[in-house]
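To start, the structure under review is shown below, and the notes come after it.
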Amino acid sequence: MPFDDDTFDAARVDRVLQHVDDPVQVLSEMVRVVKPAGRIAASDPDFSTRRVTTSYPNLEWRIETWWQEWRDRMPGSGSRGRYLYEHFLDAGIVDVEIQSAAPVGNDLTNADGMMGVIVNARRAAEAGAITPEELEMWERDLQDRAERGRFLMTFVGFLVHGRVQHSVQPE
């Protein structure tokens, strides 16, 4: 980052580290620009925990497995959230604390836009991981649940924060 060492009192990233291959490097750079005793925070989801209400849990598992394998070929990691604690420790951040939350949504359009519950199934069908008939069953089930007010989607998100350690100055 184009900033001098010890410039800021705090720094945070929100849903960023999931998109990079070396999150410890990013956190280490944050440590560099934050003053000693300053705070660093990061939040990211763990998309492998994404679940919906469905009549077809085995099909859901196959779609999610395909999506995880597809996502693992992209930069970063869709399950980054669960590793934030470890990454903070690896970057030398101290007094690290972790919190989690499992937001729940019942709007299928929103769930598909944010989490791809239908889009990812379509991609899985295009890749041959599920059949066109299974895709049709999946979409019909989710649409029916949404129309009856029975659709829910959730995932786990993580918030981790810690402190930049005081540097020890040689005498």
Side-chain angles (χ1 to χ4, degrees), residues 10-31 39-125 127 129-130 134-135 137-139 141-146 148-164:
R12 73 175 177 94
V13 288
D14 184 14
R15 294 168 294 170
V16 171
L17 297 178
Q18 66 181 308
H19 300 290
V20 300
D21 286 330
D22 192 348
V24 175
Q25 179 184 14
V26 173
L27 289 168
S28 295
E29 185 65 1
M30 292 170 70
V31 167
R39 305 294 298 174
I40 293 181
S43 64
D44 264 302
D46 181 343
F47 289 130
S48 70
T49 63
R50 174 181 50 199
R51 292 293 175 258
V52 297
T53 51
T54 178
S55 301
Y56 306 106
N58 290 330
L59 180 56
E60 176 186 28
W61 180 83
R62 289 176 43 224
I63 293 166
E64 289 300 315
T65 299
W66 175 86
W67 184 83
Q68 285 296 320
E69 290 171 358
W70 175 83
R71 179 64 180 89
D72 285 347
R73 293 189 299 271
M74 303 294 141
S77 170
S79 59
R80 181 73 71 212
R82 80 175 97 158
Y83 295 98
L84 289 178
Y85 183 82
E86 179 179 331
H87 296 328
F88 268 55
L89 296 175
D90 291 344
I93 300 167
V94 298
D95 299 332
V96 179
E97 296 181 22
I98 185 168
Q99 299 169 326
S100 64
V104 176
N106 62 0
D107 182 305
L108 176 59
T109 301
N110 190 32
D112 192 37
M114 285 181 28
M115 304 297 261
V117 297
I118 293 176
V119 168
N120 289 337
R122 290 177 181 163
R123 290 175 179 155
I130 65 172
E134 289 172 320
L135 172 62
M137 281 182 355
W138 178 256
E139 287 191 48
D141 182 50
L142 296 185
Q143 292 287 350
D144 177 63
R145 287 174 173 281
R148 294 184 300 117
R150 299 292 189 261
F151 173 79
L152 289 176
M153 188 239 10
T154 189
F155 66 96
V156 178
F158 294 89
L159 171 63
V160 179
H161 53 94
R163 186 175 52 79
V164 174

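Predicted model, so just to flag it, every value in this text is computed and none were measured.
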Could you tell me the separation between the [atom1] atom of [X] and the [atom2] atom of [Y], rounded to the nearest 0.5 Å?
| X | Y | atom1 | atom2 | result |
| --- | --- | --- | --- | --- |
| Asp107 | Phe151 | CG | CZ | 8.5 Å |
| Thr54 | Trp61 | OG1 | CH2 | 15.0 Å |
| Asn106 | Arg150 | CG | CZ | 11.0 Å |
| Phe88 | Ile98 | CZ | CD1 | 9.0 Å |
| Met153 | Thr53 | CE | OG1 | 10.0 Å |
| Asp112 | Asn120 | CG | CG | 8.0 Å |

Could you report the tightest heavy-atom contact between [X] and [Y], atom names first, then the distance?
| X | Y | result |
| --- | --- | --- |
| Val156 | Thr49 | N-OG1, 2.8 Å |
| Pro45 | Phe155 | CB-CE1, 3.8 Å |
| Ala125 | Leu135 | CB-CD2, 3.8 Å |
| Tyr56 | Asp141 | CE1-CB, 3.7 Å |

Run the side chain to side chain contact (heavy atoms under 4.5 Å, CB included) check on Trp138 and Val52 step by step: do they pass? CA-CA 11 Å; Trp138 178 256; Val52 297; 3.6 Å; yes
Please check if the side chain of Arg80 supplies one atom and the backbone of Leu17 the other of a donor-acceptor pair under 3.5 Å. yes
Polar side-chain atom of Ser100 near backbone of Gly157 as donor-acceptor pair, under 3.5 Å: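 Looks like no, no N/O pair under 3.5 Å.
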Could you please spell out the steps behind the side chain to side chain contact (heavy atoms under 4.5 Å, CB included) verdict for Met137 and Ser55? CA-CA 9 Å; Met137 281 182 355; Ser55 301; over 6 Å; no
Summary of salt bridge (charged side-chain N to carboxylate O under 4.0 Å, His left out) pairs that have at least one residue in residues 43-62, sequence neighbours excluded: Asp46-Arg82, Arg50-Glu64, Arg62-Glu134
Do the side chains of Leu27 and Leu84 get nearer than 4.5 Å, heavy atoms only?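 The answer is no; the side chains never approach within 4.5 Å.
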Ignoring hydrogens and angles, state whether a donor on the side chain of Ser79 or Arg71 is under 3.5 Å from an acceptor on the partner side chain.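 Per modelled atom types, Ser79 and Arg71 side chains form no pair under 3.5 Å.
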